[in-house]
Amino acid sequence: MTSRTASIQRKTNETDISLTLRLPSVESYTSGVVAAEISISTGIGFLDHMLHALAKHAHWSLTLKCTGDLHVDDHHTAEDVAIALGQAFKAALGEPRGIKRFGYAYAPLDEALSRCVVDISGRPHASIDLGLKREMIGSLSCEMIPHIFESFATSACITMHVDVLKGFNDHHRSESAFKAAAVALREAITPTGGSEVPSTKGTLNV
């Protein structure tokens with residue numbers, strides 16, 4: 001469980017993605033030392049910014065490169081990156097054993113406040129309410145932002161609830177949501193020091 005790392009290569013007619021994700025090591029939870037390296041390039045500046053915030057506050061090392069059909073629009077790139085990231089998270093975590101399983105967090109950004117609750121359940125479900133009003137932030141469609149969370153949760157096989165509780169600036173609302181998700185995910189995969197599967201079923205893989 002010390003090295004929780006996964007690499008994903010995902011190529012379709014719409015996107016070409018190369019991704020390596022390293023989750024925080026068991027030792028980092030006790031030492032407090034986080035040596036994360038983050039390099040993200042999707043061709044969508046605001047998406048890069050949100051994923052950087054996610055990785056930074058989740059204490060992930062993340063290298064991600066995506067070349068997508070942005071001449072069409074942002075949909076395939078944003079969706080496929082989230083799918084690949086969810087796949088990498090699931091693979092890097094491995095069997096959900098010896099972790100807290102549940103995590104929650106509140107994250108503010110100025111006037112905006114978001115809450116995220118996560119269950120490493122083995123059951124894909126996402127309930128996302130961001131209340132964004134703008135059509136675009138930079139070159140990322142606001143309708144894609146909740147879909148990014150949905151795609152990540154589905155491919156990671158986790159349950160995720162993200163709600164923006166207040167705020168009027170859509171940049172702030174979005175960023176606080178990603179930061180809340182980061183801290184909740186970090187909490188959910190915190191090692192307990194044991195090796196038990198945190199489920200009365202005895203497994204979280206089915």
Side-chain angles (χ1 to χ4, degrees), residues 1-12 15-29 31-68 76-103 105 107 116 118-122 124 126 128 140 144-145 147-160 162 175 177-191 204-205:
M1 193 174 171
T2 298
S3 179
R4 302 191 286 185
T5 304
S7 293
I8 300 290
Q9 300 287 330
R10 189 179 191 275
K11 185 171 184 178
T12 70
T15 58
D16 186 354
I17 298 170
S18 176
L19 183 161
T20 297
L21 172 66
R22 187 176 77 243
L23 303 179
S25 67
V26 175
E27 292 79 10
S28 71
Y29 283 92
S31 70
V33 177
V34 179
E37 298 178 2
I38 302 170
S39 176
I40 300 167
S41 177
T42 67
I44 303 173
F46 191 69
L47 178 58
D48 292 354
H49 180 40
M50 293 300 97
L51 295 178
H52 192 281
L54 179 68
K56 178 70 173 180
H57 296 286
H59 295 176
W60 295 349
S61 283
L62 176 61
T63 302
L64 191 161
K65 171 70 175 175
C66 175
T67 303
H76 297 141
T77 294
E79 180 179 61
D80 289 3
V81 162
I83 290 170
L85 187 58
Q87 291 171 337
F89 178 86
K90 186 175 189 296
L93 183 60
E95 184 182 13
R97 178 184 292 274
I99 61 170
K100 285 187 174 182
R101 174 178 168 176
F102 301 102
C116 179
V118 168
D119 178 8
I120 310 297
S121 60
I128 314 298
L140 180 63
M144 287 306 299
I145 297 174
H147 189 54
I148 290 165
F149 286 111
E150 293 163 354
S151 299
F152 172 81
T154 298
S155 62
C157 289
I158 65 173
T159 295
M160 174 179 275
V162 184
E175 188 168 346
F178 275 90
K179 288 177 176 177
V183 179
L185 287 165
R186 191 177 82 218
E187 176 73 13
I189 65 171
T190 299
L204 289 170
N205 286 334

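Note that the numbering runs from 1 along the sequence shown for the chain.
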Q: Could you please spell out the steps behind the side-chain contact (heavy atoms from CB on, under 4.5 Å) verdict for Arg10 and Thr12?
A: CA-CA 7 Å; Arg10 189 179 191 275; Thr12 70; 4.0 Å; yes
Q: Show the numbers, then the answer: is there a side-chain contact (heavy atoms from CB on, under 4.5 Å) between Ile128 and Ile148?
A: CA-CA 10 Å; Ile128 314 298; Ile148 290 165; over 6 Å; no
So, taking the atom named [atom1] in [X] and the one named [atom2] in [Y], what distance separates them when rounded to the nearest 0.5 Å?
{"X": "Cys116", "Y": "Lys179", "atom1": "SG", "atom2": "NZ", "result": "14.5 Å"}
{"X": "Thr159", "Y": "Arg101", "atom1": "OG1", "atom2": "CZ", "result": "8.0 Å"}
{"X": "Thr5", "Y": "Leu93", "atom1": "OG1", "atom2": "CG", "result": "11.5 Å"}
{"X": "Glu79", "Y": "Met144", "atom1": "CD", "atom2": "CE", "result": "5.5 Å"}
{"X": "Asp80", "Y": "Leu19", "atom1": "CG", "atom2": "CG", "result": "12.0 Å"}
{"X": "Leu21", "Y": "Lys90", "atom1": "CG", "atom2": "NZ", "result": "14.0 Å"}

I want to check something: taking the side chain as every heavy atom from C-beta on, are [X] and [Y] in contact at a cut-off of under 4.5 Å?
{"X": "Leu185", "Y": "Leu23", "value": "no"}
{"X": "Ile17", "Y": "Ile8", "value": "no"}
{"X": "Leu64", "Y": "Ile38", "value": "no"}

Would you confirm whether [X], through its side chain, and [Y], through its main-chain N or O, come within 3.5 Å as a donor-acceptor pair?
{"X": "Arg4", "Y": "Gly94", "value": "no"}
{"X": "Asp48", "Y": "Thr42", "value": "yes"}
{"X": "Ser61", "Y": "Glu37", "value": "yes"}
{"X": "Thr154", "Y": "Ser151", "value": "no"}

Minimum heavy-atom distance [X]-[Y], with the two atoms named:
{"X": "Gln87", "Y": "Ser155", "value": "N-OG, 3.5 Å"}
{"X": "Ile120", "Y": "Val118", "value": "CD1-CG1, 3.8 Å"}
{"X": "Gly68", "Y": "Thr15", "value": "CA-CG2, 4.0 Å"}
{"X": "Ala126", "Y": "Glu150", "value": "CB-CA, 3.8 Å"}
{"X": "Ile189", "Y": "Phe89", "value": "CG2-CZ, 3.8 Å"}
{"X": "Gly103", "Y": "Ala188", "value": "N-CB, 3.7 Å"}

(Q) Set out, in order, the CA-CA distance, both residues' side-chain angles and the distance that settles side-chain contact (heavy atoms from CB on, under 4.5 Å) for Ile158 and Phe152, then state yes or no. (A) CA-CA 9 Å; Ile158 65 173; Phe152 172 81; 3.8 Å; yes
Q: For side-chain contact (heavy atoms from CB on, under 4.5 Å), just list the numbers for Leu47 and Ile145, CA-CA rounded to whole Å, side-chain angles, deciding distance to a tenth of an Å, and then say yes or no.
A: CA-CA 9 Å; Leu47 178 58; Ile145 297 174; over 6 Å; no
